[in-house]
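Everything numeric here is computed off the predicted structure, so don't read it as measured data.
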Amino acid sequence: MQTMSKVWLFCVLLFISSYAIANANLTIEITRGSDQALPIGIVPFSGGDNMPEDVAQIIQDNLERSGFFAPLERNSMFDKPSQADEVEFGTWRSLDVRYLVVGSAQQTNSGYQIQFELMDISGQRRMIGETVTVSANDLRGAAHYISDQIFEEITDIRGAFSTQIAYVTAQGLGDNMQFGLYVADADGRNSQQVLTSDQPIMSPAWSPDGRKLAYVSFETERPAIYIQDVSTGQRIQATSFEGINGAPTWSPDGRRIAMSLSKDGQPEIYILDINNRSVERITQNSSIDTEPAWAPDGRTLLFTSDRSGGPQIYEYSLGGGEAKRVTFTGNYNARARYSPDGEQIFLIHRSSRGYQVARQDRDGGRLVVISETTRDESPSVAPNGTMVIFATQQGSNGVLSAVSADGRSSFRLPAAQGDVRDPAWSPFLN
């Protein structure tokens, strides 16, 4: 493993080599669909032509992106019902559609009223239906909400379409570089700038309530960890020790942040108590220990260490004892994250093809590569555990990609130009 100073330098150079980013919104590109996806039809909503957003299309895109569904193309639809009693089940069965979404939309004095119904074609029944009232500027939010309801009703897994992602961008060249920290909807739209700086920004991490971000900024010309309220912009400097202040990650209760500090020599894992600012050293080793991640129960930490001669994943119980090694496949495994149920870990594994996202059972089961790209980094798991978002390369540019937890489907979220890095998937927001 490289020395930590070289690691930081490498990360900085990744950004300095970027091109200008013209638009921080990201555009979804489906790169691989699942062969086990469920056939579904999302009929264009009645009245939707008069709305600034195509709600039915957003729902269709969401469900397709999840990898669980294979939507029917609109030009293959024989008719376009808008409510349950207009659905001819035989017609949709002939198109091999298993589920059908119908609905309507109309403008009100204060916004829009959207009505939707989910139909089980095989069972010839209405599964759920609801009327959603939203403000004029929240049509996409309504579409994400409806997508969540449909997804959970069919899969029994909570939908994550109403969540957000944070990511880092770079603009300009050479001495004119500008770095930005952004938050966007899970589909890459509605991006909002949280911070801009002429120095690198790295490693954003969400608080458990989804209200704050911890991140590393070089604005004082050395790395320091900041905590910022996403909605108000208010922020504090959490740490600024000599040496490395890196890789912050929140505890599940939101009271502590684990991080890597080199204030006592080699980089080690520490835990910061946010209220009293006390710092507790967790690892005691002559190796490089970094990239901590909390288990969902808050009792253990994963981290990357080179104590075995190369980067591998270790797990440490906060009750005490020795850290145990949990990865043994290959000579490079790093940046591990737990699944929301704590049963699996997702990480970056160096395979014969390159650096790829991999999955492994927490109890030490077989490691399985799930991404097809080969220059991957910074995986972050969706709060429902169905997808993993990560940074990778597309040509000369850094982009964000996502892959389903089973590796069967994937999509890409490139920006208009330049690099996008360090994605972090938010928790559920309500």
Side-chain angles (χ1 to χ4, degrees), residues 1-15 168 179 181 195 197 199-207 212-228 235-295 298 300-323 334-337 377-378 422 424:
M1 179 183 278
Q2 297 171 304
T3 64
M4 194 53 62
S5 61
K6 289 182 179 178
V7 172
W8 281 111
L9 178 61
F10 173 71
C11 292
V12 173
L13 291 176
L14 280 175
F15 281 100
V168 177
F179 301 88
L181 175 60
L195 178 70
S197 174
Q199 297 296 324
I201 303 166
M202 299 178 184
S203 306
W206 290 92
S207 62
K212 297 177 181 179
L213 284 169
Y215 55 86
V216 176
S217 173
F218 281 72
E219 61 197 72
T220 59
E221 298 186 354
R222 70 180 187 190
I225 294 174
Y226 291 80
I227 299 173
Q228 182 164 338
R235 68 174 187 152
I236 61 171
Q237 188 180 80
T239 70
S240 184
F241 296 106
E242 290 289 336
I244 292 163
N245 297 253
T249 179
W250 296 75
S251 64
D253 62 10
R255 299 176 181 176
R256 297 166 292 171
I257 294 179
M259 60 190 65
S260 180
L261 304 176
S262 64
K263 67 186 188 70
D264 298 321
Q266 284 285 88
E268 301 280 357
I269 305 301
Y270 293 75
I271 293 179
L272 168 72
D273 185 298
I274 296 174
N275 290 328
N276 62 28
R277 300 293 184 90
S278 64
V279 176
E280 176 187 4
R281 183 171 173 174
I282 299 302
T283 59
Q284 306 278 341
N285 200 281
S286 60
S287 62
I288 295 174
D289 295 337
T290 187
E291 300 175 337
W294 292 85
T300 59
L301 287 170
L302 292 174
F303 63 94
T304 306
S305 177
D306 69 349
R307 61 186 65 185
S308 61
Q312 296 292 342
I313 305 303
Y314 288 76
E315 187 173 58
Y316 176 78
S317 173
L318 295 178
E322 293 293 322
R335 189 60 183 270
R337 294 294 183 262
E377 58 186 51
S378 304
D422 279 352

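When every heavy atom of Asp264 is checked against every heavy atom of Tyr270, the shortest pair comes out as OD2-OH, 2.7 Å. When all heavy atoms are compared, the tightest approach of Pro204 to Val168 is CD-CG2, 4.0 Å. Thr249 and Pro292 make their closest contact through CG2-O, 3.2 Å (heavy atoms, listed as atom of the first residue, atom of the second, distance). Shortest non-hydrogen contact noted between Arg307 and Ala323 is NH1-CB, 4.0 Å. When every heavy atom of Val216 is checked against every heavy atom of Ser203, the shortest pair comes out as CG2-CB, 4.3 Å. Across Ala336 and Ala293, no two heavy atoms sit closer than the pair O-CB, 3.4 Å.
A 4.5 Å side-chain heavy-atom check between Tyr316 and Ile282 finds at least one atom pair inside the cut-off. Using a 4.5 Å heavy-atom cutoff, the side chains of Thr304 and Ile313 are in contact. Counting only heavy atoms from C-beta outward, the side chains of Ile236 and Arg277 approach each other to under 4.5 Å. Here the side chains of Trp250 and Arg255 are not in contact, with every heavy-atom distance at 4.5 Å or above. Side-chain atoms of Ile288 and Ser305, non-hydrogen and from C-beta on, never get closer than 4.5 Å to each other. In this structure, Ile271 and Leu301 have side chains that are in contact, with non-hydrogen atoms separated by less than 4.5 Å.
In this structure, the salt bridge (Lys or Arg N to Asp or Glu O under 4.0 Å) partners of Glu219, at least two apart in sequence or on a different chain, are Arg235.
Thr220 and Arg222 share no donor-acceptor pair across their side chains, judged by distance under 3.5 Å alone. In this model, no donor atom of one side chain and acceptor atom of the other lie less than 3.5 Å apart for Asn285 and Thr283. For the residue pair Ser287 / Asp289, a side-chain donor-acceptor distance below 3.5 Å is found, with atom types taken as modelled. Asp422 and Ser378 share a side-chain donor-acceptor pair at under 3.5 Å.
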Carefully, step by step, assess Tyr314 and Ser308 under the rule side chain to side chain contact (heavy atoms under 4.5 Å, CB included). CA-CA 10 Å; Tyr314 288 76; Ser308 61; 3.3 Å; yes
Would you please test Leu195 and Leu213 for side chain to side chain contact (heavy atoms under 4.5 Å, CB included) and show each step? CA-CA 11 Å; Leu195 178 70; Leu213 284 169; over 6 Å; no
Full working for salt bridge (Lys or Arg N to Asp or Glu O under 4.0 Å) between Arg256 and Glu280: CA-CA 10 Å; Arg256 297 166 292 171; Glu280 176 187 4; over 6 Å; no
Taking it one step at a time, do Asn245 and Thr239 satisfy side-chain hydrogen bond (donor to acceptor under 3.5 Å, both in side chains)? CA-CA 7 Å; Asn245 297 253; Thr239 70; 3.0 Å; yes
Verdict with supporting geometry, Lys263 and Glu242, salt bridge (Lys or Arg N to Asp or Glu O under 4.0 Å): CA-CA 5 Å; Lys263 67 186 188 70; Glu242 290 289 336; over 6 Å; no
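Within a 6.0 Å radius of CD in Gln284, more than 12 heavy atoms belonging to other residues, nucleotides or ligands are found.
Distance OG/Ser251 to CG/Asp273: 9.0 Å, rounded to 0.5 Å. One distance of note links CD of Glu322 with OG of Ser317; it measures 12.0 Å at 0.5 Å rounding. Residue Leu261 holds its CG atom at 8.5 Å from CD1 of Ile269, rounded to the nearest 0.5 Å. Annotation: the span from Trp294 atom CH2 to Leu318 atom CG amounts to 5.5 Å, rounded to 0.5 Å. Taking CG of Leu302 as the start and CD of Glu315 as the end, the distance is 5.5 Å to the nearest 0.5 Å. Going from atom CD1 of Ile225 over to atom OH of Tyr215 covers 11.5 Å, rounded to the nearest 0.5 Å.
A donor-acceptor pair is defined here as one N or O able to donate and one able to accept, closer than 3.5 Å; no such pair exists between the side chain of Asp306 and the backbone of Gly309. A donor-acceptor pair under 3.5 Å is absent between the side-chain atoms of Gln237 and the main chain of Tyr226, judged by distance alone. No donor-acceptor pair under 3.5 Å is formed between the side chain of Ser262 and the backbone N or O of Pro267. Although no hydrogens or angles enter the test, the distance criterion places no donor-acceptor pair under 3.5 Å between the side chain of Trp206 and the main chain of Lys212.
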